[in-house]
Amino acid sequence: MADGVTVPVWVLAALAAFALIGFFDRILAPGAGWFLRRRVSVAVEKLNARLHLRIRPFAMTRRRTLVDRVVHSPQVLSAIETAAEEQGVPRQVVARNAERYAREIVPAFNPLAYFGIGATVSRWLATSAYRVRLGFGDEDRLSLIDSEAAVVFVMNHRSNMDYLLVTYMAASRAGLSYAVGEWARVRLLHSLIRAMGGFVIRRGLGNTLYRRVLACYVRMATHSGVTQAIFPEGRLTRDGALGPARLGLLGYIVREFDPRSDRDVVFVPVGLNYDRVLEDRVLLAARDDPRAVSLGRVSPAAVARYVFRLAVRRWQGRLYRNGYACVSFGVPVSLKAWCAARAARPSGLDRDEQFALVAQLGDDLMERIGAMVPVLPVSLIASVFLEAGGEPLSELALKSRAFALAQRLEGRGAYVHIPHSDRDFAVSAGLRILVLRRLVHEDSGHFRAAEEETDLLAYYANAIGHLR
């Protein structure tokens with residue numbers, strides 16, 4: 001009875017491996033999961049205590065649960081049935097496609113990733129690349145936004161830096177869920193964006209099922225009060241000018257809105273401008289020949305090299321920033337009040353009437369966004385050189401024209417950023433950047449626009465073209 005049992009070494013190793021797996025699966029993993037969830041819950045409570053726009057329970061729901069809710073919603077199930085009949089394929093195949101779309105779209109918001117990593121990195125990159133300034137911002141009206149409303153920041157789209165800049169400027173007020181383009185589908189970047197609450201959308205995909213899945217998620221997030229940020233233009237401006245609103249995401253938010261029973265939706269117009277857009281030449285090339293360059297294919301190596309050079313230059317004390325970047329926040333627009341002023345109830349209209357109403361709202365919001373775009377030194381000086389039509393200008397003549405243009409813009413209600421409240425310094429700052437970039441040539445104390453760079457000068461002048 002006391003004799004031992006002899007087993008082969010490989011059996012013992014297998015038993016030990018199974019025991020170790022069981023230990024991790026049944027004891028360590030549940031305990032670690034509980035500990036992490038507890039840490040996240042405590043962090044959310046602390047964040048909600050200081051944020052005006054609280055993090056909603058919807059944002060903290062497990063991603064797998066949200067994916068199931070989207071896929072099994074009545075709208076998506078109906079779209080699955082229709083697609084299966086039209087394509088003549090089994091329903092299960094179409095359902096798998098719908099689930100794949102949902103997994104691609106639905107984020108996995110992590111407040112520690114957003115406020116710990118995202119906001120910190122955004123602040124570092126934004127302030128390393130630019131002198132960041134807040135333009136117009138009516139704090140009193142912004143603070144009066146109903147804390148239970150679904151807030152949507154709507155902004156013009158000039159650069160991929162927009163995401164970082166607004167994240168940094170709004171971090172003390174809210175955590176934003178961005179709708180980002182296909183450029184963010186790079187594997188590691190996609191995971192980080194999802195953890196920060198962003199959702200990637202394929203704007204060029206003409207697929208009814210995909211659009212139905214996307215619409216379902218956007219409506220769920222809006223009805224649950226998630227704070228979102230969208231670019232109504234739908235893409236980066238190619239010529240620097242403010243573009244018309246595209247009605248996709250805006251339509252998903254508005255079309256089934258019922259002012260009598262739904263949570264209010266508040267739109268906050270945001271205007272952005274830069275003294276230098278880092279990808280300006282790439283955007284101009286894409287305007288002239290869309291096939292010449294793909295903005296959606298971001299090279300991680302190129303981004304890493306740029307960030308590394310920033311870090312090295314900052315460490316060496318040789319970091320020269322790209323002028324000013326400025327953000328202005330406009331007067332909030334309540335969707336309930338907007339509909340009441342027009343005696344309209346979107347959910348009670350037919351499809352054509354809904355489209356017309358959303359188009360009207362889109363035009364209204366773009367006008368408000370345009371009014372918020374700050375006038376920065378480079379845009380101001382570029383406008384002066386274009387108006388001069390190639391005529392050489394002395395520094396005195398340049399300043400005189402710039403002062404007159406700035407005064408005219410201020411008279412129309414535009415926010416003109418004057419660094420240090422010194423107009424001479426503002427003109428000198430804008431002129432210095434244009435000369436260093438060889439967009440303007442100096443000869444014997446006179447300045448003239450470089451003929452070969454007229455398109456790039458126009459790009460920066462177009463940023464405030466709608467204000468002139």
Side-chain angles (χ1 to χ4, degrees), residues 131-145 151-158 162 165-166 169-170 173 229-233 237 239-245 266-275 277 323-335 337-338 341-342 360-387 399-427 429-430 458-468:
R131 299 181 185 277
V132 179
R133 298 291 183 267
L134 174 66
F136 176 82
D138 192 333
E139 283 295 327
D140 292 337
R141 295 207 182 192
L142 291 173
S143 63
L144 290 176
I145 294 176
V151 178
V152 182
F153 289 79
V154 287
M155 60 197 78
N156 61 314
H157 203 4
R158 290 191 58 77
D162 296 346
L165 188 62
V166 177
M169 298 299 284
R173 184 173 292 275
I230 65 174
F231 300 97
E233 293 167 284
T237 176
D239 59 2
L242 194 67
V266 176
F267 296 100
V268 179
V270 181
L272 305 100
N273 201 2
Y274 302 85
D275 270 336
V277 174
Y324 292 92
C326 191
V327 184
S328 288
F329 296 88
V331 176
V333 179
S334 163
L335 184 55
W338 190 88
R342 290 155 184 81
Q360 187 179 358
L361 176 62
D363 292 342
D364 187 7
L365 291 177
M366 289 308 303
E367 184 177 343
R368 292 170 182 267
I369 292 169
M372 287 297 102
V373 173
V375 179
L376 294 185
V378 165
S379 293
L380 186 69
I381 305 305
S383 299
V384 169
F385 278 111
L386 286 181
E387 289 177 357
K399 288 183 178 180
S400 176
R401 295 192 183 200
F403 293 166
L405 178 57
Q407 188 173 13
R408 189 162 71 246
L409 292 172
E410 287 177 328
R412 295 176 180 174
Y415 171 79
V416 180
H417 180 64
I418 306 297
H420 310 298
S421 300
D422 186 336
R423 292 182 182 269
D424 279 343
F425 179 83
V427 173
Y459 175 88
Y460 287 99
N462 286 343
I464 60 172
H466 59 282
L467 298 172
R468 295 201 300 269

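When all heavy atoms are compared, the tightest approach of Trp338 to Val333 is CD1-CG1, 4.3 Å. Residue Ala402 comes nearest to Ile381 through the heavy atom pair CB-CD1, 4.0 Å, listed as atom of the first residue, atom of the second, then distance. The two atoms that bring Pro374 and Ile464 nearest to each other are O-CG2, 4.0 Å, heavy atoms only. Contact detail for Asp275 and Val378: the closest heavy-atom pair is OD1-N, 3.0 Å. When all heavy atoms are compared, the tightest approach of Phe329 to Val268 is CD2-CG1, 4.4 Å. Shortest non-hydrogen contact noted between Ala426 and Pro377 is O-CB, 3.3 Å.
Contacts of Arg133 classified as side chain to side chain contact (heavy atoms under 4.5 Å, CB included), with partners at least two apart in sequence or in another chain: Arg131, Tyr324, Cys326, His417. For Asn462, there are no side chain to side chain donor-acceptor pair (under 3.5 Å) partners two or more places apart in sequence or in a different chain. Residues passing the salt bridge (Lys or Arg N to Asp or Glu O under 4.0 Å) test with Arg141 are Asp138, sequence neighbours excluded. Applying the side chain to side chain contact (heavy atoms under 4.5 Å, CB included) rule to Ala382 yields the partners Leu457, Tyr460, Ala461; only residues at least two apart in sequence or on another chain are considered. Applying the side chain to side chain donor-acceptor pair (under 3.5 Å) rule to Tyr274 yields the partners Asp162; only residues at least two apart in sequence or on another chain are considered. By the side chain to side chain contact (heavy atoms under 4.5 Å, CB included) test, Ala414 is found to be paired with Val375, Leu409, Leu467, residues two or more places apart in sequence or in another chain being considered. Remark: Asp363 engages no residue in a salt bridge (Lys or Arg N to Asp or Glu O under 4.0 Å) (not counting sequence neighbours). Remark: Asp364 engages Arg368 in a salt bridge (Lys or Arg N to Asp or Glu O under 4.0 Å) (not counting sequence neighbours). Partners of Phe403 according to the ring-ring contact (aromatic ring centres under 6.0 Å, His included) rule, which considers only residues two or more places apart in sequence or in another chain, do not exist here. Glu410 meets the side chain to side chain donor-acceptor pair (under 3.5 Å) test with Arg423; sequence neighbours excluded.
Below 30°, between 30° and 60°, or above 60°: for Phe231 and His157 the angle between ring planes is below 30°, a parallel geometry.
The side-chain hydrogen bond (donor to acceptor under 3.5 Å, both in side chains) contacts involving residues 372-386 comprise Asn273-Ser379, Ser383-Arg468, where partners must be two or more places apart or lie in separate chains. Judged as a salt bridge (charged side-chain N to carboxylate O under 4.0 Å, His left out), not a single pair has a partner in residues 369-385 (not counting sequence neighbours).
No side-chain donor-acceptor contact under 3.5 Å links Arg158 to the backbone of Thr237.
Atom CE of Met366 and atom CG of Leu361 lie 11.5 Å apart (nearest 0.5 Å). We find the CG-CE distance between Leu365 and Met155 to be 12.0 Å, quoted to the nearest 0.5 Å.
Within a 6.0 Å sphere centred on CD of Gln360, other residues, nucleotides and ligands contribute more than 12 heavy atoms. At most 12 non-hydrogen atoms from other residues, nucleotides or ligands lie less than 6.0 angstrom from CD of Glu367.
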